[in-house]
Amino acid sequence: MNFQLTDEEKMVQDTVRSFAQKELKPIAADIDKNHKIPDSIIKGLAELGLFGVYIPQEYGGAGLSFLSYAITVEEISKVCASTGVLISAHTSLCANSIYEFGTKEQKEKYLVPLASGQKIGCILLTEPEAGSDAANVSTTVKKEGDYYVSNGNKIFVTNGGYRDFGILIATHDKSLRHKGIDAFILDLKSEGVELQRNEDKMGIRGTYTSVFSLENVKIPKENLLGKESEGFKIAMDCLDGGRIGIASQALGIAEGAYEKALEYAKERKQFGKTLSEFQAIQFKLADMAMHIEAAKLLVYESAWIKDNLKNGASYNDLIIKSSMAKAYASETATYVTKEALQIHGGYGYIAEYEIERMYRDAKITEIYEGTNEVQRIVISKMLLK
Ligand code: COS
């Protein structure tokens, strides 16, 4: 067992940390306020290769490990959770699906611009009646000559507002549930794809959470991803990696809040001594650090499993550990941000101190890419198999 990062992973950590601290930290509050990640940040991330960390170089990526990707999302999310999920949803839910299931032609046409950061990716999976019950999608596809024609409604599409590329999950026969589902690469500028709105939300306010309607959208037949009826498998597979991405985001949020609380506890004086001299605060810090460390081990281990699937690591292990990492790290993020806010007292409630943003950002990690209740369904099903 080796708990050390490779030299390459350490370099990624240093590079991303330095970018996050220098470029992102000073404007994280503005990203939240203005509901937008500046184009200059997207350009900077692209120049560092962070839109395709583990995608091979021949397809526009940086060709590094999956663990490097997890570290990237973690370091970015320490200062800006919106930018963390921009990278995570783009990579895990879109680029990854094309990388793992796409043809050479699909990779050249769609993966290269995604992995190099010229285009931003998303997945169109969730619907008003298909959230946790992902197999209940009602968006239809019907083959007509050289096209599939799709109709339906999609919600909660992270990154949808960029209107670049998405993975569309739709059914050709709803009565078959997950066995009737297909996946497609969809250009979000196609005729019939209407962006209804970007939601106004509690946290990760720098991201687009979009609502789309699809009316007679013609998708070229060569945009089918994998084979017909493989769509649910593709969605689940990308979520297995995606859950590590969200776990990394949650870990980063928790670490960012913990660091701020630690710093504040050492500076703030009440009753003639610093907060860090009170045992009540010391115990809070100890508990926060303990949970963060445990979350980190789960996140890094699941990323390591994903990196080692070709070297004998088991896919079942990936499913169970990625769900554990996601549930545990997200619960750590909500717990740690709550405690960090409490340590800041009244100032924690004031926007200038940033903890209130981290507290708001943390909550979604318990919900998206599978609620933590769904993670427990996945974990227990695997345990009882
Ligand atoms: N990884 C790989 N395969 C999985 C899987 C996973 N995590 N979870 C389920 N599957 C497979 C099952 O093995 C089964 O395959 P077979 O047909 O070959 O047996 C198939 O998918 C159907 O599984 P199951 O019968 O368990 O499906 P259910 O409809 O009961 O629901 C859950 C499965 C709840 C786990 C699934 O719908 C889910 O993950 N929901 C949450 C969706 C989500 O995360 N949405 C957020 C999107 S953010 S963009």
Side-chain angles (χ1 to χ4, degrees), residues 84-97 100-101 120-139 153-161 165-171 173-183 186 188 199 201 204 207-212 226-247 249-250 302 305-306 309 313-327 330 364-385:
V85 76
L86 162 78
I87 297 173
S88 178
H90 160 93
T91 309
S92 300
L93 304 182
C94 187
N96 182 78
S97 308
E100 287 196 6
F101 296 95
I120 304 293
C122 62
I123 191 167
L124 298 98
L125 167 63
T126 305
E127 298 179 4
E129 301 303 325
S132 291
D133 187 6
N136 195 41
V137 291
S138 300
T139 295
N153 296 294
K154 292 289 178 182
I155 60 169
F156 297 154
V157 181
T158 305
N159 292 346
F165 302 150
I167 305 298
L168 174 67
I169 304 295
T171 176
D173 183 347
K174 197 168 162 147
S175 68
L176 296 176
R177 275 193 52 97
H178 75 276
K179 293 197 163 79
I181 291 176
D182 310 321
L186 178 66
L188 293 175
E199 303 283 14
K201 50 196 189 293
I204 54 160
T207 61
Y208 294 120
T209 301
S210 311
V211 176
F212 285 98
K227 297 196 188 81
E228 275 184 14
S229 307
E230 269 187 5
F232 193 75
K233 180 183 160 28
I234 292 173
M236 288 299 117
D237 188 273
C238 77
L239 282 169
D240 290 331
R243 287 166 185 164
I244 307 175
I246 298 307
Q249 184 205 19
S302 50
I305 293 171
K306 177 112 171 117
L309 287 174
S314 110
Y315 200 88
N316 281 349
D317 230 21
L318 175 70
I319 296 177
I320 200 163
K321 291 280 170 57
S322 64
S323 278
M324 284 180 177
K326 195 276 189 188
S330 60
I364 189 62
T365 63
E366 292 186 330
I367 299 171
Y368 60 14
E369 296 201 23
T371 61
N372 284 4
E373 290 72 18
V374 162
Q375 306 312 322
R376 286 173 168 87
I377 293 175
V378 173
I379 295 164
S380 55
K381 265 192 185 172
M382 297 299 293
L383 293 176
L384 297 165
K385 222 174 182 176

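Just so you know, ligand 1 is whichever comes first in the structure, and atom 1 is the first atom listed for that ligand.
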Out of all atoms in ligand 1, which are within 4.0 Å of some heavy atom of [X]? Include the element for each.
| X | answer |
| --- | --- |
| Ile123 | 49 (S) |
| Leu125 | 47 (C) |
| Ile319 | 1 (N), 2 (C), 7 (N) |
| Ala134 | 37 (O), 42 (C) |

I want to confirm something. Looking only at heavy atoms, which of [options] is nearest to [atom]?
| atom | options | value |
| --- | --- | --- |
| atom 27 (O) of ligand 1 | Lys381, Lys179, Lys233, Met236 | Lys381 |
| atom 37 (O) of ligand 1 | Ala135, Ser132, Cys238, Gly241 | Ser132 |
| atom 44 (O) of ligand 1 | Arg243, Lys154, Met382, Gln375 | Arg243 |

Report yes if [X] has an N/O atom closer than 3.5 Å to an N/O atom of ligand 1; otherwise report no.
| X | answer |
| --- | --- |
| Asp240 | yes |
| Arg177 | yes |
| Gly370 | yes |

Please classify the [X] to ligand 1 contact at 4.0 Å (heavy-atom distances, strictly less than): side chain, backbone, both or neither.
| X | result |
| --- | --- |
| Thr371 | neither |
| His178 | side chain |
| Thr158 | neither |

Is there a donor-acceptor contact under 3.5 Å from the side chain of [X] to the main chain of [Y]?
| X | Y | result |
| --- | --- | --- |
| Ser322 | Ile319 | yes |
| Asn136 | Glu129 | yes |
| Asn159 | Leu86 | yes |
| Arg243 | Glu369 | yes |
| Ser380 | Arg376 | yes |
| Lys326 | Tyr368 | yes |

Straight-line distance of [X] [atom1] to [Y] [atom2], nearest 0.5 Å:
| X | Y | atom1 | atom2 | value |
| --- | --- | --- | --- | --- |
| Phe212 | Glu127 | CZ | CD | 13.5 Å |
| Ile87 | Ile120 | CD1 | CD1 | 9.0 Å |
| Lys154 | Leu186 | NZ | CG | 10.5 Å |

Can [X] be said to touch ligand 1, with heavy atoms closer than 4.0 Å?
| X | value |
| --- | --- |
| Val378 | yes |
| Phe232 | yes |
| Val374 | yes |

Within 4.0 Å of [atom] (strictly less), any protein heavy atom?
| atom | result |
| --- | --- |
| atom 2 (C) of ligand 1 | yes |
| atom 19 (O) of ligand 1 | no |
| atom 35 (C) of ligand 1 | yes |
| atom 8 (N) of ligand 1 | yes |
| atom 32 (C) of ligand 1 | no |

**OP:** Could you pull out the closest heavy-atom pair between Thr158 and Cys122, with the gap in Å?
**Re:**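 Scanning both residues completely, I find the closest heavy atoms to be O-CB, 3.1 Å.
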
Subject >> Phe156, CZ atom: more than 12 neighbouring heavy atoms under 6.0 Å >> reply: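 Counting other residues, nucleotides and ligands, CZ of Phe156 stays at 12 neighbours or fewer.
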
**OP:** Verify the neighbour count for atom NZ of Lys174: are there more than 12 heavy atoms of other residues, nucleotides or ligands below 6.0 Å?
**Re:**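 Enclosed.
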
Original post:
Can you tell which of Thr371, Asn372, Thr365 makes a side chain to side chain donor-acceptor pair (under 3.5 Å) with Ser330?
Top reply: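 Going through the options one by one, the only one that passes is Asn372.
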
